[in-house]
Amino acid sequence: MSNIQLNPGEALIGKGLVSYRDLEKHTCQCWHAAIYVTNQKVFLDTYTEIELKLSKIRGFTFGRILVFFPSVTIYGQAEKTMYGGHGLTEDAYTVTGFPIKKLKGWLLQAGVREL
C-alpha cells in the first residue's frame, strides 16, 4: 500500500487492501486497491484515484455480493443531472475484501452514517 499525504490536522483512522467493483461501465470488473479512511476523507488508491470528502458522503451500506462476499457501498451526495435539469444522480463505490468489517467500523468512527 502506498502512503498518502495527509493535510494538516488530518488523522488516519484505518487502511486496508480491498477490491473495488467498477459497476459504472456495466462490467463487473474488480480492481485491487488500497482504501484509506481519515477524519476528513475516504481515499481509494486505484487507477481512478477516488477521493471523497466526508462532507460529500451521504452514507454507506453493508451487505454481501453473491451471498459469500461481504461488501460496503459508499454513496456520494445526490446531485442534479445536467441533462434536462431533472432527476438526481449519485456516485456509488462498492468494495469487497478481507477488511470490510473493519472498514464499516472506520466509516462509523469517521462520522459516516450507515443507510
Side-chain angles (χ1 to χ4, degrees):
M1 281 186 286
S2 63
N3 292 324
I4 61 169
Q5 289 288 351
L6 299 178
N7 297 321
E10 186 174 15
L12 182 65
I13 295 172
K15 65 181 179 179
L17 292 175
V18 296
S19 291
Y20 164 62
R21 292 182 53 112
D22 190 354
L23 300 175
E24 185 174 297
K25 296 175 185 160
H26 305 291
T27 63
C28 288
Q29 284 190 319
C30 289
W31 305 95
H32 296 292
I35 193 164
Y36 301 86
V37 178
T38 75
N39 61 343
Q40 295 179 10
K41 65 186 174 195
V42 174
F43 181 80
L44 194 59
D45 185 7
T46 64
Y47 72 102
T48 57
E49 302 248 345
I50 297 166
E51 181 177 313
L52 296 167
K53 292 182 181 179
L54 293 181
S55 61
K56 298 289 185 182
I57 297 175
R58 184 171 66 88
F60 74 95
T61 57
F62 180 78
R64 294 197 177 274
I65 298 173
L66 301 175
V67 181
F68 302 107
F69 305 106
S71 67
V72 166
T73 301
I74 301 170
Y75 297 93
Q77 289 181 339
E79 297 179 7
K80 290 185 178 181
T81 60
M82 294 175 57
Y83 306 104
H86 64 284
L88 295 175
T89 183
E90 70 180 353
D91 294 325
Y93 304 95
T94 300
V95 295
T96 188
F98 180 71
I100 291 302
K101 289 183 181 178
K102 289 182 181 180
L103 175 59
K104 178 182 176 181
W106 299 334
L107 290 169
L108 291 171
Q109 188 178 346
V112 178
R113 67 185 184 109
E114 187 170 2
L115 302 174

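Predicted, not measured: the structure shown is a model, and the values here were computed from it. Heavy-atom basis, side chains included; hydrogens, waters and symmetry copies ignored.
Considering Thr73, Ile35, Leu52 as possible partners of Tyr93, the one that fulfils the side chain to side chain contact (heavy atoms under 4.5 Å, CB included) test is Leu52.
Side chain of Asp45 to main chain of Ala33: no donor-acceptor pair is present (N/O by atom type, distance under 3.5 Å, no hydrogens or angles). In this structure, the side chain of Glu10 engages the main chain of Asn7 through a donor-acceptor pair within 3.5 Å.
Here the straight-line distance linking atom CZ of Phe62 with atom CD1 of Ile100 works out to 7.5 Å at 0.5 Å rounding. For the atom pair CG of Leu12 and CG of Asn39, the computed distance is 9.0 Å after rounding to the nearest 0.5 Å. A distance of 12.0 Å separates CG of Leu108 from CZ of Arg113, quoted to the nearest 0.5 Å. Here the straight-line distance linking atom CG of Leu107 with atom CD of Glu114 works out to 9.5 Å at 0.5 Å rounding. Atom NZ of residue Lys41 and atom NZ of residue Lys53 lie 9.0 Å apart, to the nearest 0.5 angstrom.
Nearest heavy atom pair, residue Trp106 against residue Pro99, reads CH2-CB, 4.5 Å. Heavy-atom minimum distance, Leu103 versus Val37: CD1-CG2, 3.7 Å. The nearest pair of heavy atoms linking Ile13 to Gln109 is CG2-OE1, 3.5 Å.
For the pair Phe60/Lys104, a side-chain contact is recorded, criterion being any heavy-atom separation below 4.5 Å from C-beta on. Between Val112 and Ile74, the closest side-chain pair of non-hydrogen atoms is not below 4.5 Å. Within the 4.5 Å cutoff, side-chain heavy atoms of Leu115 are placed close to those of Tyr75.
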Worksheet entry | Verdict with supporting geometry, Ile57 and Val42, side-chain contact (heavy atoms from CB on, under 4.5 Å) | CA-CA 9 Å; Ile57 297 175; Val42 174; 3.8 Å; yes
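Residues Thr96 and Ser71 bring no donor and acceptor atom of their side chains to less than 3.5 Å of each other.
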